[in-house]
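Chain naming here is simple, since letters A, B, ... match the order of the sequence lines and numbering starts at 1 in each.
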Amino acid sequence: MAEKRKTAITPTREQDYPEWYQQVIRAAELAEISPVRGCMVIKPWGWGIWENMQRVLDGMFKATGHENAYFPLFIPMSFLEKEAEHVEGFAKECAVVTHHRLEPGPDGGLVPAGRLEEPLIVRPTSETIIGAMYAQWVQSYRDLPILINQWANVVRWELRTRLFLRTAEFLWQEGHTAHATEQEAREETALMLDVYADFAENWMAMPVIKGEKTAGERFPGAISTLSIEAMMQDRKALQAGTSHFLGQNFSKAQEIKFQDQHGQEVYAWTTSWGVSTRLVGALVMTHSDDDGLILPPKLAPKHVVVLPIYRNDQERSDVLAYCNRLAAQLNDAKFSGGAVHAWIDDRDLRGGEKNWQHIKKGVPLRVEVGPRDIAKNGVFLARRDTSEKRGLDREEFVQTVGNLLDDMQDGLYRRALALRESNTRPIDDLDDFRQYFTPKNEERPEIHGGFALCHWAEDPAVDQILKDLKVTIRCIPSAAEAEPGTCIFTGKPSAGRAVFAKAY
RNA sequence: CGGGGCGUAGCGCAGCUUGGCUAGCGCGCCUGCUUUGGGAGCAGGAGGUCGGGAGUUCGAAUCUCCCCGCCCCGACCA
């Protein structure tokens, strides 16, 4: 017997959460570190998840009146310079293109030649280049609103990267809208946050808190930034999507102006909103366990893997024929407004090995089919989320597979919500707050803390305490009721509680 | 970008302190046979310019210098 490990992933979440995360991504074949510094290669299984995310989100954007378009990867440096806060926010992490030609170098290599008159920035986000176009497109109130989204890659020259969570290049969508009135733009900002929350909860099975960022956490150049915040299994917060109300900051900087009904020349009100491939990382950290990835069925690239089991050629042909009929039936079954996606894994690998591969990749359902099942016209079913295994009748399975997948989707959401709820609490005392966010083992911090709901006030003293504890204010929850209280850091009066947590 | 650690086969590592035969081990991979309902067994085999460059030396994975990359901790961030 080979060495039998208790879990498919080492270390476990408890032993070393960050390392566990990396190992899950590798074991599930989602992505790999690339030869290019800070950049990752997204592999087919990981890409399949992102494709599903794109498809669903794209449908939601269209349903709320948006259209897709595409703007250039390169942004003239002067564009970025127009909005002061914006420059300051992104300058440090910009990749800059300064040349447009390569020539043979003295040592046989290539050297850049043909210096550009004006350097080009590889977009870290596209407010400026899109705004420049909007300025041309908008002349009359009749041209508004403009509701455009683009799917694109962006580059932020990060010094410390982690697969999916923070890479130098990442993929995202960025919506950019321009409106005639402030109210309409604010409504758009809130609407898109709702879209993100809907997607997170109903497709990713990831509960989120909707809220507004504090001044310190705002997008550079925004009047207000809304976000959805999720709790990962190490109880840290992950910002999973943002929606910004940009006021007239960018339209003034970029001359996006128009004549209103009264013939007055006024500036447009703009918004921007985005989610990125970071959501794949969020998915991993929300649901997976010590045996690898667990996927919410609604975003899984495939739902059911059929594993044929046979000993000889005769059995092989019988079993495969049965499996083919089963897979065809499954692919006709309905799930989540589409079809169940099943396939037969007939690779020449031993059963146990093959089985574990699918466990690690998080395939929601595994179905073993061997001579014994055929004799009973049945299947042997294993579900990834609960590890439950049982034999059942083939027809019954085909009839109920959609419901089963729905049930798994719900179960994952409830499990994630339960984790968040049992690790969220109001804290009204600074000592309690410190204790909550201080690990028992300073050398190797164990999983600790969670979300704390506290009264607070704007004050440099608060910033310092939070910095020392490595805690951030995640958001001021939209759902919170007005509740006057006292800032636990300064004793100043507070209008309501904010969510505090350690964060990614 | 500051502090610390590490680069040896696809992955994980030993060897380095005290330079010396043909650079090893486990997993994985290939071939054959036996196997196959939860990570198979035996036998044989392939795979390395020891991260890169320069230096010291009769001789460098091992010593010196420079460079590159990765990981951890800070600062910054979707």
Self-check item: RNA chain B: 5'-proximal contact among A:A240 and A:I374 (nearest heavy atom)
Solution: A:I374

Exercise. Select base, sugar-phosphate, or nothing to describe what A:R162 touches, counting heavy atoms under 4.0 Å on all strands.
Key: nothing

Exercise. Identify which nucleotide among B:G39, B:G37, B:A78 has an atom closest to any side-chain atom of A:K360, counting heavy atoms from C-beta outward.
Key: B:G39

Exercise. Take the protein atom NZ of A:K354 and the nucleotide atom P of B:G39, then report the distance between them rounded to whole Å.
Key: 14 Å

Self-check item: base_contact_polar (B:G37 base, A:D373 side chain, donor-acceptor, <3.5 Å)
Solution: yes

Self-check item: Reported CE-to-CD1 distance for the pair A:M206 and A:I228, which is rounded to 0.5 angstrom
Solution: 5.5 Å

Practice problem: Let me know which of A:V401, A:L405, A:I294 forms a side chain to side chain contact (heavy atoms under 4.5 Å, CB included) with A:P364. | Solution: A:L405

Self-check item: B:A78 pyrimidine/purine six-ring stacking with A:F170, under 5.5 Å and 30°
Solution: yes

Self-check item: Span that lies between the C1' atom of B:G45 and that of B:G2, in whole angstrom
Solution: 50 Å

Self-check item: Residue closer to the 5' end of RNA chain B, A:F164 versus A:G38 (nearest nucleotide)
Solution: A:G38

Quiz item: Given that both distances must come in under 3.5 Å, which nucleotide forms a Watson-Crick or G-U wobble pair with B:C16?
Solution: none

Quiz prompt | Spacing of the P atoms in B:G41 and B:U22 (rounded, Å) | solution = 35 Å

Quiz prompt | Pairwise P distance, B:U56 and B:U64 [rounded to whole Å] | solution = 15 Å

Self-check item: Separation of the C1' atoms in B:C29 and B:A9, to the nearest angstrom
Solution: 11 Å

Quiz item: How many Å lie between CE on A:M206 and C1' on B:A78, as a whole number?
Solution: 13 Å

Exercise. Could you check whether A:P18 gets within reach of a base, just the sugar-phosphate, or nothing at all, counting any heavy atom under 4.0 Å?
Key: nothing

Quiz item: Using purine N1 to pyrimidine N3 plus N6-O4 or O6-N4 for Watson-Crick, or N1-O2 and O6-N3 for G-U wobble, each under 3.5 Å, what pairs with B:C29?
Solution: B:G45

Quiz item: Picking from B:A78, B:C71, B:G37, which would you name as closest to the side chain of A:F380?
Solution: B:G37

Exercise. Classify the nucleic acid contact of A:Y504 as base, sugar-phosphate or nothing, counting any heavy atom under 4.0 Å across all strands shown.
Key: nothing

Quiz item: Atom CD of A:E29 and atom C1' of B:G28: how far apart are they, to the nearest Å?
Solution: 13 Å

Quiz item: For A:R372, which contact category applies under a 4.0 Å heavy-atom criterion: base, sugar-phosphate, or nothing?
Solution: base

Self-check item: Identity of whatever pairs with B:C1 - Watson-Crick or G-U, under 3.5 angstrom
Solution: B:G74

Quiz item: Does any N or O in the side chain of A:S288 come within less than 3.5 Å of the main-chain N or O of A:M285, such that one atom is a donor and the other an acceptor?
Solution: no

Exercise. Using the C1' atom as the reference point in each nucleotide, state the distance between B:A60 and B:A54 in Å, no decimals.
Key: 13 Å

Exercise. State whether a side-chain donor-acceptor pair under 3.5 Å links A:Y21 with A:D16.
Key: no

Quiz item: Is the shortest side-chain N/O distance from A:R350 to OP1 or OP2 of B:A40 below 4.0 Å?
Solution: yes

Quiz item: Rounded to whole angstroms, how far apart are CD on A:E32 and C1' on B:C71?
Solution: 17 Å

Exercise. Whole angstrom is fine here: how far is it from NZ in A:K92 over to P in B:A78?
Key: 11 Å

Quiz item: Is it true that A:R186 and A:E188 have a side-chain N and a carboxylate O under 4.0 angstrom from each other?
Solution: no

Quiz item: A:E229 and side-chain hydrogen bond (donor to acceptor under 3.5 Å, both in side chains): which partner among A:K210, A:R474, A:R420?
Solution: A:R474

Practice problem: Classify the nucleic acid contact of A:I359 as base, sugar-phosphate or nothing, counting any heavy atom under 4.0 Å across all strands shown. | Solution: base

